[in-house]
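This report concerns only the one structure given below.
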Amino acid sequence: MYKFLQKLGKSLMLPVAALPICGILMGLGYALAPGVMGVPDAPTSGAAYIVGFLLVKAGGALIDNMHWLFVIGVAVGMADDKDGTSALAGLVSFLMMKTLLSPGVVTTIMPSIADDRVKLLAFEKFENVFPAIIAGLIGATCYNKFKNTKLPDFLAFFSGKRCVAIVTAVASIAASVVLLFVWPIIFGALVAVGNAIKSLSFVGVGLYTFLNRLLIPTGLHHALNNVFWFDTIGIGDLTAYWNPMGEVAQNANWSVGMYMAGFFPCMMFGIAGAAVAMVRAAKNKKVAIGIVLSAAVCAFICGVTEPFEFAFMFTAFPLYVVYALLYGIFAAVTTALGFRAGFMFSAGATDLVFSASLPAANNTWLILPMGIAAFVVFYLVFYFAIKKFNLKTPGNEDEDAEAEEAKIVLANNDFTAIAAGVLAAVGGKENVSAVDYCTTRLRFEIKDYTGINEKAVKAAGAAGVIRPSKNACQVIIGPKVQFVYDELKKML
């Protein structure tokens, strides 16, 4: 499972890399044109508005269609040989499920869903990252298993990679049938949780915020958001905040803004602290800076957090759980202290500035002390966890360590002899289940870890051995690893 999640995490880095620039564009756009968010009395014409409008739309082109990026990224990344056919298969899967599980189709198949507001909402919110990842996994799995399929002569045209999309379509129909029953149950359960925690005051705010972040990888946070932000079950915090004279605000039996305010210190300052910790703890700081600092700028300006969160949520999930817990703690404390602010898009500086003048805003000056506290706490927790447990955050993965290993020079260029020596040192071919290679390392799956002789590995010409688990062994060769691997494959 760990190996699968690690590979999935790496696959997600491809679409994640496209997100930071979008967040920056949207942040600048909203700053120039707050009228795009619907801020009361903000200009909706003029040169600044036009430029801001275009920047928002340019950034939103990818942010609003993020699920498509994840379909392709997962399908390609999880495929054995990164062939484009797997991307096509992932796209086929998502198109199939998106159509079969659209509200129009499901209410035709099961008319009773149309009368159930929660179930209908579940299918209205189906286009998100979680189904996209499922589709990408279906596409990649079908590609890996059926790319070499040989069909009878009269169907030979559909042999090999051409049959992958066909198999994927059938598999996606089956997946859609399962999700038709499972998806609304999961979604409905979260709505029920929302109903249960709304009576817990600021403790409930912390619990909601924790679950909101924890559910980001699945996309199911939309279920909770609809409970607390919109008038799904009678709360509608966002609706009431931005329309203080409306019916929802007039009938509010909660402190308006309490379900949004706690996100501000975490998104604006907490993520920045965590990003600095990742950079400081990284083996390859250039990689970390390129990914997480730009993501921190996105979060601060306009509250776009996905570029930061998806950069580590799968490769270091325990840290992501801690991250969600920190959100919950700060949201509870912020609410208890009386800080109130709201957002139309997300909890970034842009929304904070324009929401601070509305009637429900309160103690907005607390963003500075709470923000500083969030920066420090997030920094200390992330830095300690990454260093203590060697977590695979950006710049701290094996491939990042291999950047230094690329300087290694083998004692000689007799790749056959080196391969033979390494193979003997890891217990011979009888002890090898599989072998692959990356930038600088041979990556073995082994049967008996006691059969590895580390001294013999170094004597064969390798630089060293890393043992990530009992059934895995990595032999550090250096930049000429492919040539050693080629000889090793012949011997196996």
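Positions are given from 1, in the same order as the sequence printed here. Owing to the predicted nature of the structure, the values given are computational and were not obtained by experimental measurement.
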If you measure from [atom1] on [X] to [atom2] on [Y], what distance do you get to the nearest 0.5 Å?
X: Q250; Y: N243; atom1: CD; atom2: CG; result: 9.0 Å
X: F339; Y: L352; atom1: CZ; atom2: CG; result: 5.5 Å
X: L101; Y: E127; atom1: CG; atom2: CD; result: 11.0 Å
X: I185; Y: L190; atom1: CD1; atom2: CG; result: 12.5 Å
X: M268; Y: D351; atom1: CE; atom2: CG; result: 10.0 Å
X: M258; Y: T209; atom1: CE; atom2: OG1; result: 9.5 Å

| said: Once side chain to side chain donor-acceptor pair (under 3.5 Å) is applied, do any residues pair with S172, and if so which ones, sequence neighbours excluded? | reply: S93
| note | Residue set satisfying side chain to side chain donor-acceptor pair (under 3.5 Å) with K147, at least two apart, ordered chain then number -> none
Is a side-chain N or O of [X] found less than 3.5 angstrom from the main chain of [Y], in a donor-acceptor match?
X: N65; Y: A61; result: yes
X: S102; Y: T99; result: yes
X: T350; Y: I301; result: yes
X: N212; Y: Y208; result: no

Which atom pairs, one a donor and one an acceptor, fall under 3.5 Å between side chains of residues 363-379 and the rest of the protein, sequence neighbours left out?
{"residue": "Y379", "atom": "OH", "partner": "R280", "partner atom": "NH1", "Å": "2.6"}

| note | Taken in chain and number order and not counting sequence neighbours, the residues that satisfy ring pair (Phe, Tyr, Trp, His ring centres under 6.0 Å) with F382 are F312
| remark: Taken in chain and number order and not counting sequence neighbours, the residues that satisfy ring pair (Phe, Tyr, Trp, His ring centres under 6.0 Å) with Y49 are none
Please tell me if the side chains of [X] and [Y] come closer than 4.5 Å, counting only heavy atoms from C-beta onward.
X: T305; Y: R213; value: yes
X: W254; Y: V205; value: no
X: P318; Y: V322; value: no
X: F314; Y: P217; value: yes

How would you list, by chain and number, every residue that makes a side-chain contact (heavy atoms from CB on, under 4.5 Å) with [X], sequence neighbours excluded?
X: A169; result: V92, M96
X: I289; result: V279, L293
X: D116; result: V118, K119

Quick one: closest heavy-atom pair of [X] and [Y], and the distance?
X: V74; Y: G136; answer: CG1-C, 3.7 Å
X: F264; Y: A341; answer: CE1-CB, 3.7 Å
X: D237; Y: Y259; answer: OD2-N, 2.9 Å
X: A87; Y: A75; answer: CA-CB, 4.0 Å
X: C266; Y: G262; answer: SG-O, 3.8 Å
X: Y383; Y: A277; answer: N-CB, 3.6 Å

| Between W183 and F126, what is the ring plane arrangement, given parallel below 30°, perpendicular above 60°, and tilted in between? | perpendicular
| With sequence neighbours left out, which residue pairs that include part of residues 91-110 fulfil the ring pair (Phe, Tyr, Trp, His ring centres under 6.0 Å) condition? | H67-F94, W68-F94
| message | Set out, in order, the CA-CA distance, both residues' side-chain angles and the distance that settles side chain to side chain contact (heavy atoms under 4.5 Å, CB included) for Y143 and L88, then state yes or no. | response | CA-CA 10 Å; Y143 173 78; L88 176 63; over 6 Å; no
List the atom pairs, donor and acceptor, that lie under 3.5 Å between side-chain atoms in residues 326-334 and the rest of the protein, sequence neighbours left out.
{"residue": "Y327", "atom": "OH", "partner": "Y323", "partner atom": "OH", "Å": "3.1"}
{"residue": "T334", "atom": "OG1", "partner": "F330", "partner atom": "O", "Å": "2.6"}

| Criterion side chain to side chain contact (heavy atoms under 4.5 Å, CB included) on I138 and C142, from CA distance to verdict | CA-CA 6 Å; I138 291 173; C142 290; 4.2 Å; yes
| Can the ring centroids of W229 and F343 be said to lie less than 6.0 angstrom from one another? | yes
| Check: F269 ring centroid to F300 ring centroid under 6.0 Å | yes
| said: Take a 6.0 Å sphere around CD of E247 and say whether it holds more than 12 heavy atoms from other residues, nucleotides or ligands. | reply: no
Donor-acceptor pairs are to be reported for all side-chain atoms of residues 103-112 against protein atoms at under 3.5 Å, with residues two or more places apart or in another chain.
{"residue": "T107", "atom": "OG1", "partner": "P103", "partner atom": "O", "Å": "2.6"}
{"residue": "T107", "atom": "OG1", "partner": "G104", "partner atom": "O", "Å": "3.2"}
{"residue": "T108", "atom": "OG1", "partner": "G104", "partner atom": "O", "Å": "2.7"}

| request: Please list, chain by chain and in numerical order, all residues satisfying salt bridge (Lys or Arg N to Asp or Glu O under 4.0 Å) with R340, sequence neighbours excluded. | output: none
